[in-house]
Amino acid sequence: MRVTTSFPLGTLRDTPSEAEIISHQLLLKAGYIRRVNSGIYAYMPLMLRVIEKISTIIEKELNNIGCTKLLLPQLHPADLWKKSERWEGYTAGEGIMFNLKDRQGKEFGLAPTHEEVITSIASETINSYKQLPQCFYQIQTKFRDEIRPRFGLMRSREFIMKDGYSFHSSENDLASFYEKVGNAYENIFKSCGLQTVGVEADSGAIGGASSKEFMVTADAGEDSILFTQSGSYAANIEKAVSLPTQPKPLKDNIPEWLETPHQKTILEVCENNNLDPSQTIKVVIFLAQFEGDFYVPILACIRGDQHINEVKLFNLINKLHHLNLLNLKKIEDKNTIEKNLVDLPLGFIGPDLDNKTIKACSNWEKEWTRIIDHSASDLSKFISGGNKVNFHKVFQEFSFDSNDYLIGDIRNAKKGDKISIYDHEELKEKKGIEIGHIFQLGQKYSEKLNAKFSDKDGQLKNLWMGCYGIGVTRIAQAAIEQNHDQKGICWPIQISPFEVIIIPTNLKDPIQSDLTEQIYNNFLTNKIDVLLDDRNDRAGVKFKDAELIGIPFQIIIGRDSINNEVELLCRTNNTKLKISTDKLLETFISESEIMYNKKS
RNA sequence: CGGGGCGUGGCGCAGCUUGGUAGCGCGGGUGCUUUGGGAGCACUAGGUCGCAGGUUCGAAUCCUGUCGCCCCGACCA
């Protein structure tokens, strides 16, 4: 491809001010993407080539394990989503599905994911166990009305995703296929030249039993990963389970009531009364909003030096009711408190807060659902709010063993924790960018959408399902986050828009221009992805652009062309080889193969 | 939704405090020179200063409202 006749590179001299992280800046500066609106980007020709390369790698690996590509619609009828009982959760309030009505007033959503559509199709086309297993996938634009789009393609409202869905006759078959997909994913990310880690994950709104995320480790990542150095454990912080450190024992000589004027935080209470946070229990109140305007006030307790993990809390509460939990929020808004609660000793709440604090006229449930983290329930003696403004209390021999208290894990694991009493390794923390996520969905969707098959015994059974996502555009940006330098992008050759760029330094020199054409055509004939910078610019301009857009090899045609010699330059390590033109192709092929095989 | 910042040619910015009809660098066009690290000279095109009201003889500048964008958080996968 020639720069002059195909597309303007559109590289920028200055970094656009809107971009914060390096990968986003480079994508804009090097002309790969253009912003059309918040979270909405145009993929320019170079970008599309990257997307296509990533797609090809994905397709190859998935086809290898027996998946089949198809293409599903993006406009989904609300009915389908109502069947799976996800319509309200995905559209109401802070739902992420863009939705609209047609001229008849019929409701539709722009697809953020495709479980409903594929399950409904599978239920029509799969009738017998003899047709199983099946796995379909597609690579296509997804729409998500993100609360806050950010960092370019990292979290955008329109992005390209590979999503796959598998159907099985048994849970075992699902589990073994899930493993296979996990392996295929490892291969895909390696083939893209990325360094990733697989971590245990929360399955979120997609649901299902087991799920695993694939993370590109990078400081700009939005997720936190906790892991042990040995590799024995790795999990998203949302899911991670660990042991808290030992609490400090509470002294005996403390009076039952502590006057703690204006000491609303654990820290203030501890500083003023010579206590350790691990000797206290912190009480945080939440409001759970379920489908159908059903509200439940939640009282969550945890040891004072620990933090509540709201994802875990959400999941735990969600299991308590047959209704879908839509939203979980800390109760801190003054109006909400005044309207629904009475005599609330905010800042001095204890685990035994009276149910009478919920006003009779409130439309909330009239009892606090009390959820106690293990770290708190393990304490028999502790300090907590006295349920009386300006007072804390020593709870002696307090027991959480009654039906009033639900004990569970709602604690945030953190670095430095140990994962078990037998393992002395401490957890470490890193930031990660989630580029893939695989789920064992089980029968969640087949049940709701009535997707059944006839088993060997002639009985109708629900299909077992898995689903598997890869953020294609996110991979591209994550790859830059992991592969760049001062001068610009350093693409892994596997996903670079071109393998090599030819830079003639002076096209007005007929020797150079002849040689350039000769080399360019020779590379084309040999099916090498080659870009020819045939602009009539000065050499410096072309060097800068080539570095910025990050093509792994440069062929520089310059003053030595009179002796039939050119230079082959490697973008990443800056090594320069002076080569005679008749050896150029051969040398390039062997050099690029080394790079291809150097899977990180 | 809460907090912060910003909207002035394609990009990066100045001007605003103290109102007087818009400027700099990069980029674009033409010509000549230059040609291995973002060239030089000359000429040139391009902006109703986010939008709407208001104050004023006069508004990019002051006032009010509104829209949008970015960052942090809440949140979300």
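Residue numbers begin at 1 in each chain, while the letters A, B, ... track the order of the sequences.
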- Message: In this structure, is the centre-to-centre distance between the rings of Phe159(A) and Phe143(A) below 6.0 Å?
- Response: no
- Query: Going through the checks in order, is the ring-ring contact (aromatic ring centres under 6.0 Å, His included) test met by Trp81(A) and Phe108(A)?
  - Reply: CA-CA 9 Å; Trp81(A) 282 71; Phe108(A) 289 88; over 10 Å; no
- Could you state the atom-to-atom distance from CZ of Phe98(A) to P of C76(B) in whole Å? 16 Å
- Message: Once salt bridge (Lys or Arg N to Asp or Glu O under 4.0 Å) is applied, do any residues pair with Asp223(A), and if so which ones, sequence neighbours excluded?
- Response: none
- Mind checking who C62(B) pairs with, Watson-Crick or G-U wobble, both distances under 3.5 Å? G54(B)
- Find the partner of C24(B): check Watson-Crick (N1-N3 plus N6-O4 or O6-N4) and G-U wobble (N1-O2, O6-N3) distances, both under 3.5 Å, and reply none if neither fits. G12(B)
- Query: Using atom P of each nucleotide, how far apart are C6(B) and G23(B) to the nearest Å?
  - Reply: 24 Å
- Identify the nucleotide, in any strand shown, that forms a Watson-Crick or G-U wobble pair with U18(B), with both distances under 3.5 Å; if there is none, say none. none
- Message: Work out how far the C1' atom of U8(B) is from that of U55(B), and round it to whole angstrom.
- Response: 22 Å
- Query: If the P atom of G3(B) is compared with that of C13(B), how far apart are they to the nearest Å?
  - Reply: 26 Å
- Say you pick atom P in G54(B) and the same atom in A60(B); how far apart are they, in whole Å? 15 Å
- Gap between atoms CD and P, on Glu146(A) and C76(B) respectively (whole Å): 11 Å
- So, for Tyr165(A) and Tyr137(A), is the gap between ring centers shorter than 6.0 Å? no
- Item | Distance below 4.0 Å between Arg148(A) side-chain N/O and C71(B) OP1 or OP2 | yes
Using nucleotides 12-16 of chain B, report all nitrogen or oxygen pairs with the protein that are shorter than 3.5 Å.
{"residue": "G12(B)", "atom": "OP1", "partner": "Ser17(A)", "partner atom": "N", "Å": "3.0"}
{"residue": "G12(B)", "atom": "OP1", "partner": "Ser17(A)", "partner atom": "OG", "Å": "3.4"}
{"residue": "C13(B)", "atom": "OP2", "partner": "Ser17(A)", "partner atom": "OG", "Å": "3.2"}

- Query: With a 4.0 Å cut-off, would you call Lys431(A) and Glu481(A) a salt bridge?
  - Reply: no
- Using both distances under 3.5 Å as the test, list the Watson-Crick or G-U wobble partner of C43(B), or none. G29(B)
- Its contact letters, B for base, S for sugar-phosphate only and - for none at protein heavy atoms under 4.0 Å, make nucleotides 32-38 of chain B read --BBBBB
- Whole angstrom is fine here: how far is it from CG in Asn236(A) over to P in C76(B)? 14 Å
- Flag the pair Phe290(A) / Tyr295(A) as yes when their ring centroid distance falls below 6.0 Å, and as no otherwise. no
- Message: Please determine whether side chain to side chain contact (heavy atoms under 4.5 Å, CB included) holds for the pair Ile160(A) and Ile139(A), giving the CA-CA distance in whole Å, both sets of side-chain angles, and the decisive distance to 0.1 Å.
- Response: CA-CA 7 Å; Ile160(A) 297 176; Ile139(A) 297 176; 3.8 Å; yes
- G40(B) versus G25(B) - spacing of their P atoms, nearest Å: 12 Å
- Partner nucleotide, any strand, of G73(B) [Watson-Crick/G-U, under 3.5 Å]: C1(B)
- Under a 3.5 Å limit for both distances, which nucleotide forms a Watson-Crick or G-U wobble pair with C49(B), could you say? none
- Note on the structure: Rounded to whole Å, the CZ-P distance (Arg155(A) to C75(B)) equals 13 Å
- For nucleotides U17(B) and C62(B), find the distance between their C1' atoms and express it as a whole number of Å. 11 Å
- Would you kindly give the CD-to-P distance between Glu213(A) and C76(B), to the nearest whole Å? 15 Å
- Can Lys312(A) and Asp202(A) be counted as an ion pair, charged N to O under 4.0 angstrom? no
- When the C1' atoms of C72(B) and G27(B) are considered, how many whole Å apart are they? 33 Å
- Within the 6.0 Å centroid threshold, strictly below: His437(A) and Tyr468(A): no
- Is any side-chain N of the basic residue among Glu18(A) and Arg35(A) closer than 4.0 Å to the acidic one's carboxylate O? yes
- Protein-nucleotide distance (Met97(A), atom CE; C76(B), atom P), rounded to Å: 16 Å
- Query: Counting only Watson-Crick or G-U wobble pairs whose two distances fall under 3.5 Å, which nucleotide matches G68(B)?
  - Reply: C6(B)
- Message: Whole angstroms only, please: what is the NE2-P distance between His24(A) and C69(B)?
- Response: 13 Å
- Span that lies between the P atom of U64(B) and that of U18(B), in whole angstrom: 15 Å
- Note on the structure: Assign each of Pro149(A) and Arg34(A) the nucleotide of RNA chain B bearing its closest heavy atom; nearer the 5' end lies the nucleotide of Arg34(A)
- Query: Below 4.0 angstrom, N of the basic side chain to O of the carboxylate: do Lys83(A) and Glu116(A) qualify?
  - Reply: no
- Query: Within the structure shown, what part of the strands sits under 4.0 Å from Phe314(A) by heavy-atom distance: base, sugar-phosphate, or nothing?
  - Reply: nothing
- What's the CG-C1' distance between Asp223(A) and C75(B), to the nearest Å? 13 Å
